[in-house]
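This structure is a prediction, so every number in the text was calculated from the model and none was measured. Here is how names work: the chains are called A, B, and so on, in the same order as the sequence lines, proteins then strands, and each is numbered from 1.
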There are 2 protein chains.
Amino acid sequence: MSVKQFYTGPVTTQASELAQPGAEDLTLADVMHALGDRARLEIVQSLHADGERQCGSFDLGVSKATRSHHFKVLRESGITNTRIDGTARFVSLREGDLEARFPGLLPAILNAATADA
Amino acid sequence: MSVKQFYTGPVTTQASELAQPGAEDLTLADVMHALGDRARLEIVQSLHADGERQCGSFDLGVSKATRSHHFKVLRESGITNTRIDGTARFVSLREGDLEARFPGLLPAILNAATADA
DNA sequence: TTTCATGTTCGATAGGTGTCGAACATACCC
DNA sequence: GGGTATGTTCGACACCTATCGAACATGAAA
């Protein structure tokens with residue numbers, strides 16, 4: 001995996017979202033790789049169940065630095081969207097983009113995650 | 001990911017298969033992790049399309065040492081089965097076991113792999 | 001038995017990954 | 001402004017991983 005750079009578009013006033021890859025740019029290997037981790041799998045499960053959530057509301061049993069790292073991996077792989085509101089970041093699943101790019105994949109993974117517990 | 005040890009059962013005469021985890025022991029994170037790699041995704045795709053194949057018949061553009069490594073990862077994550085025949089190893093997808101453990105997951109991934117090309 | 005083909009394992013290497021604490025950046029509130 | 005809350009980034013660390021060539025193991029073929 002190499003360092004990634006995403007075009008964030010012309011900056012007008014303030015960004016309200018963090019940069020993320022376009023829906024067409026998602027690769028299966030990246031998505032699978034991002035989900036090959038218990039903590040991130042747990043995050044995705046929660047996001048699906050609860051919808052948008054604040055980053056800090058997740059108790060993953062790791063430091064906030066590590067938590068921040070996991071959210072970055074998910075965002076850069078195209079799985080999540082991060083909305084900025086003040087000092088808080090709200091994360092949500094890009095279910096529509098994922099469905100458009102890889103139909104049926106996320107539902108199957110979410111279902112499998114249930115069977116995994 | 002820690003070192004794994006699988007019970008191969010009582011050795012009678014000669015082993016005809018390499019050790020692999022039981023269907024119930026598969027974890028989603030391990031499966032996702034194993035598939036978070038282009039080469040291995042390609043292998044899984046081919047195995048699904050062609051059925052059982054000899055390890056050496058795959059041209060992944062890597063050395064045979066690396067190829068052997070990828071097959072080991074797939075086998076230890078529970079995705080493939082390896083049958084021994086002389087000096088050759090024949091690999092196949094454990095589609096039944098995967099379907100039993102994570103219904104619909106493999107088909108969705110295979111479908112996504114098509115969309116990824 | 002010698003040779004060959006198919007793989008695995010070893011040792012090495014470069015780079016990735018999860019983890020942490022500490023420092024930094026920001027926005028909000030009093 | 002000063003303090004507080006929410007996150008990100010940095011530097012460090014241990015470990016994992018993809019990769020290779022070379023050596024080894026093993027079964028088949030000549």
* Could you state the atom-to-atom distance from CZ of F71(A) to C1' of dT9(D) in whole Å? => 17 Å
* How long is the line joining NE2 of H33(A) and C1' of dT17(C), in whole Å? -> 7 Å
* Structure fact -> Applying salt bridge (charged side-chain N to carboxylate O under 4.0 Å, His left out) to R89(B) and not counting sequence neighbours gives none
* Residue list, side chain to side chain contact (heavy atoms under 4.5 Å, CB included) with A100(A), at least two apart or on another chain -> none
* Taking CZ from R89(A) and P from dT8(D), how many angstroms apart are they, rounded to a whole number? -> 5 Å
* Asked: Heavy atoms, side chains only, cut-off 4.5 Å: are Q20(B) and N81(B) in contact?
  -> yes
* Structure fact -> Rounded to whole Å, CD of E76(A) lies from P of dG16(C) at a distance of 13 Å
* Who are the side chain to side chain contact (heavy atoms under 4.5 Å, CB included) partners of V44(B), not counting sequence neighbours? -> L35(B), L74(B), I79(B), L93(B), L106(B), L110(B)
* Can you run down the ring-ring contact (aromatic ring centres under 6.0 Å, His included) pairs that involve residues 69-90 of chain A, sequence neighbours left out, and say none if there aren't any? => F58(A)-F71(A)
* Between C1' of dT17(C) and NZ of K72(A), the distance in whole Å -> 12 Å
* To do: Apply side-chain contact (heavy atoms from CB on, under 4.5 Å) to the pair L105(A) and L98(A), showing each step before the final yes or no.
  => CA-CA 8 Å; L105(A) 181 62; L98(A) 283 168; 6.0 Å; no
* Would you give a per-nucleotide map of nucleotides 19-30 of chain C, 5' to 3', where B means the base has a protein non-hydrogen atom under 4.0 Å away, S means only the sugar-phosphate does, and - means neither? => BBB----BBS--
* Would you mind reading off the distance between L74(A) atom CG and dT8(D) atom P, rounded to a whole angstrom? => 12 Å
* Contact residues, residues 43-60 of chain A to DNA chain D [heavy atom, < 4.0 Å] -> Q54(A), C55(A), G56(A)
* Return the value, rounded to whole Å, for the distance between atom CE of M32(B) and atom C1' of dT17(C). => 17 Å
* Asked: Please, which pairs that meet salt bridge (Lys or Arg N to Asp or Glu O under 4.0 Å) have at least one residue in residues 45-64 of chain A, sequence neighbours excluded?
  -> D50(A)-R53(A), E52(A)-R83(A)
* Asked: If you look only at pairs with a residue in residues 102-117 of chain B, which of them pass as a salt bridge (Lys or Arg N to Asp or Glu O under 4.0 Å), with sequence neighbours excluded?
  -> R101(A)-D116(B)
* Asked: What's the CD1-P distance between I84(B) and dA25(D), to the nearest Å?
  -> 17 Å
* Structure fact -> residues 18-28 of chain A vs salt bridge (Lys or Arg N to Asp or Glu O under 4.0 Å), sequence neighbours excluded, gives none
* **Sequence neighbours excluded, every pair satisfying salt bridge (Lys or Arg N to Asp or Glu O under 4.0 Å) that has a member inside residues 103-112 of chain B** => none
* To do: Using the test side chain to side chain contact (heavy atoms under 4.5 Å, CB included), find all partners of A65(A) that sit at least two apart in sequence or belong to another chain.
  => S63(A)
* Reckon R38(A) touches a base, only the sugar-phosphate, or nothing at all at heavy-atom distances under 4.0 Å? -> nothing
* **Overall bend - the helix from dT1(C)-dA30(D) to dC30(C)-dG1(D), comparing terminal axes fitted on five pairs, nearest 10 degrees** => 10°
